[in-house]
Amino acid sequence: LVRNNALHTVPQYAPWVRTMKRRGQQVLLLLLLACDQVLGVVWRGLRAQRLATRVAMRHEALLFARTRATQRHRAASGARLVENMKIVHKTAYWGQMSLGTPPQQFKVIFDTGSGNLIVPAADCTVPGCAPHRKYNSKSSSTSSFVTNEKGEGSSEITFGTGQVSGDFYKDKLCIGDSLCFDANFIAADKMTTEPFQEIPFDGIMGLGFKDLSMGDGFNIVDDLNTRANVPGNSHQFSFYVSDGDDSEVTFGGYRPERLASEIVWAPVKVESWWQVAIDDITFNNMPKNLCNGQCQVAVDTGTSMLAGPSELVDKLSSMVDAKDDCSNFDQLPNLGFQIGDTVLNLRPDDYMDKSASGCSFSLMALDVPPPKGPVFIFGDPFLRRFVTIYDRSKPAVGFAVAKHGDADEAVASQLIAHIGGAPRGGASRQTSAADGANPAAVNLHLDAGLMGGDSAGAAADDDSSTPATSPPPAEEAPAAAP
């Protein structure tokens, strides 16, 4: 206005015009500086927000893994193998936990082969989430959005089959009524239709090592050891599973009355999965020189199968030589895994699928690449035969014969044997079952069913789509009589 006004041509007004121009320039400069500061704050805020929403990428090789039949049974129908498993054994075990204040209940599989707690989020509308209870952060007074040490605030996880993605949250986690602590987890806003639409549980509680988790503060096993109020053996948890209705997971130790033998301990060789070394594979306690001391085994509570490297599985299938018509079933050997001088044996009904339609070797081929593989997977068939104890402090895995109906001392001596009657040695050691008794341990009942959702256990869970804000309360499993 000053520049275009005729006043600048009048001599007596010239000093005033020059003063106004200088002041205008100063005001303009101040405005530019202020805008620069505001834009800087906005830019830094947007940059921080971008960092906070960086996406963590992970791959879980074991859970929902794709496998193939052994060389000898490749021509057999995959549907037949699955159907045989349905007839003979349960293929999934899950229990109750809660998140938030007030508590929102979820059914989760307790999985030693993965490292994150994952539940569906309230804003997940895809078919993979539809049948399940969902976590509503807005309904919890203790919920907060969190990031890991890398500035990642969300994740995408690819499983053997399927994928999930979601944001990171922290909230109060309770297992049973008394075991509560703050935990970081993933609230999934996307879950692929396969396999999640058909699974009989809502989410996954990973109980593997920190290597499998999203970062600092995301590992449930470490939380149990440091945050959870578990009197006694806070560094231990254990699994007892069966085809009946008495399966359970125990936090804070194990229940001696569930054990029919002493405990064989094997040190963890790779702190990722609960992975231990085996010296060889045996038939009726006779080593077969298949490992050369190089075999590894991951003890995996989230897997419904026995699996191993394809080359070794094909060899075992040929050596077992089970007939499709079951004609030599009674002559099949005990299949053992040697740890030092100790052998953990599986009976034919543990490693074979037997039904009215025939028999098939149930050890599946799964090739896990180095550095974690090659590795055998001890899933549900092994877990039904042995109680497994996971000790974070050593770390080590303990094995004891599970006390099912027929598991007396004579049976236990057949399932845990010493080669040639030799004294214990090698990498294993044994402790008495009574040494780890902890009356304060938390025992959580596990429902049992089929991974596809059609199960006796699932029949009692018809309210799986009930909103998370109004579920029935969780109950701790009563202690069974010794």
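Computed from a predicted structure; not experimentally measured.
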Residues forming a ring-ring contact (aromatic ring centres under 6.0 Å, His included) with F378, sequence neighbours excluded
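Counting only residues at least two positions away or on another chain, F378 forms a ring-ring contact (aromatic ring centres under 6.0 Å, His included) with F337, F382.
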Among residues at least two apart in sequence or on other chains, which ones pass ring-ring contact (aromatic ring centres under 6.0 Å, His included) with F376?
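Residues passing ring-ring contact (aromatic ring centres under 6.0 Å, His included) with F376: none at all.
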Which pairs pass salt bridge (charged side-chain N to carboxylate O under 4.0 Å, His left out) with one or both residues in residues 212-238, sequence neighbours excluded?
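For residues 212-238, and leaving out neighbouring residues, the salt bridge (charged side-chain N to carboxylate O under 4.0 Å, His left out) pairs sorted by first residue read K210-D216, D222-R392, D223-R227.
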To the nearest 0.5 Å, tell me how far [X] [atom1] sits from [Y] [atom2].
X	Y	atom1	atom2	result
L306	L383	CG	CG	8.5 Å
T147	K170	OG1	NZ	10.5 Å
S317	L312	OG	CG	12.5 Å

Test of understanding: with side chain to side chain contact (heavy atoms under 4.5 Å, CB included), list the residues that count as partners of S234, not counting sequence neighbours.
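For S234, the residues satisfying side chain to side chain contact (heavy atoms under 4.5 Å, CB included) (neighbours in sequence not counted) are N225, V230.
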Can you list everything that forms a side chain to side chain donor-acceptor pair (under 3.5 Å) with [X]? Sequence neighbours excluded, please.
X	value
Y169	none
T250	N443
D325	S327
T388	Y390

How about N285 and N334: does a side-chain donor come under 3.5 Å of a side-chain acceptor?
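Absent: no donor and acceptor within the cut-off.
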Are any non-hydrogen side-chain atoms of [X] and [Y] less than 4.5 angstrom apart?
X	Y	result
W274	F209	yes
S165	D189	yes
Q96	F106	no
S114	I204	yes
R385	D349	yes
L99	M97	yes
Q236	N438	no

How are the rings of W94 and F201 set to each other: parallel, tilted or perpendicular (split at 30° and 60°)?
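W94 vs F201 ring planes: tilted.
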Where the side chain of [X] meets the backbone of [Y], is there a donor-acceptor pair that is under 3.5 Å apart?
X	Y	result
Q338	P287	no
T91	S304	no
S247	S242	yes
N184	F168	no
N219	V221	yes

Is the Y135 to F185 ring centre distance short of 6.0 Å?
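Ring-ring flag for Y135/F185: true, centres closer than 6.0 Å.
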Check step by step if side chain to side chain contact (heavy atoms under 4.5 Å, CB included) holds for F218 and V146.
CA-CA 10 Å; F218 281 80; V146 294; 4.2 Å; yes
Is a salt bridge present between R255 and E257, judged by a nitrogen-to-oxygen distance below 4.0 Å?
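Between E257 and R255 there is a salt bridge, with a charged N closer than 4.0 Å to a carboxylate O.
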If the condition is salt bridge (Lys or Arg N to Asp or Glu O under 4.0 Å), which residues does K394 pass it with, not counting sequence neighbours?
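Expected list: D391.
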Summary of disulfide (SG to SG under 2.5 Å) pairs that have at least one residue in residues 212-273, sequence neighbours excluded
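Qualifying pairs, neighbours excluded: none.
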Is there any ring pair (Phe, Tyr, Trp, His ring centres under 6.0 Å) pair reaching into residues 292-328, and which pairs are they, with sequence neighbours excluded?
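Ring pair (Phe, Tyr, Trp, His ring centres under 6.0 Å) check on residues 292-328 returns no pairs.
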What side-chain donor-acceptor pairs closer than 3.5 Å can you find for residues 395-404, not counting sequence neighbours?
residue : atom : partner : partner atom : Å
H404    : ND1  : Y240    : OH           : 3.1
H404    : NE2  : R384    : O            : 2.6

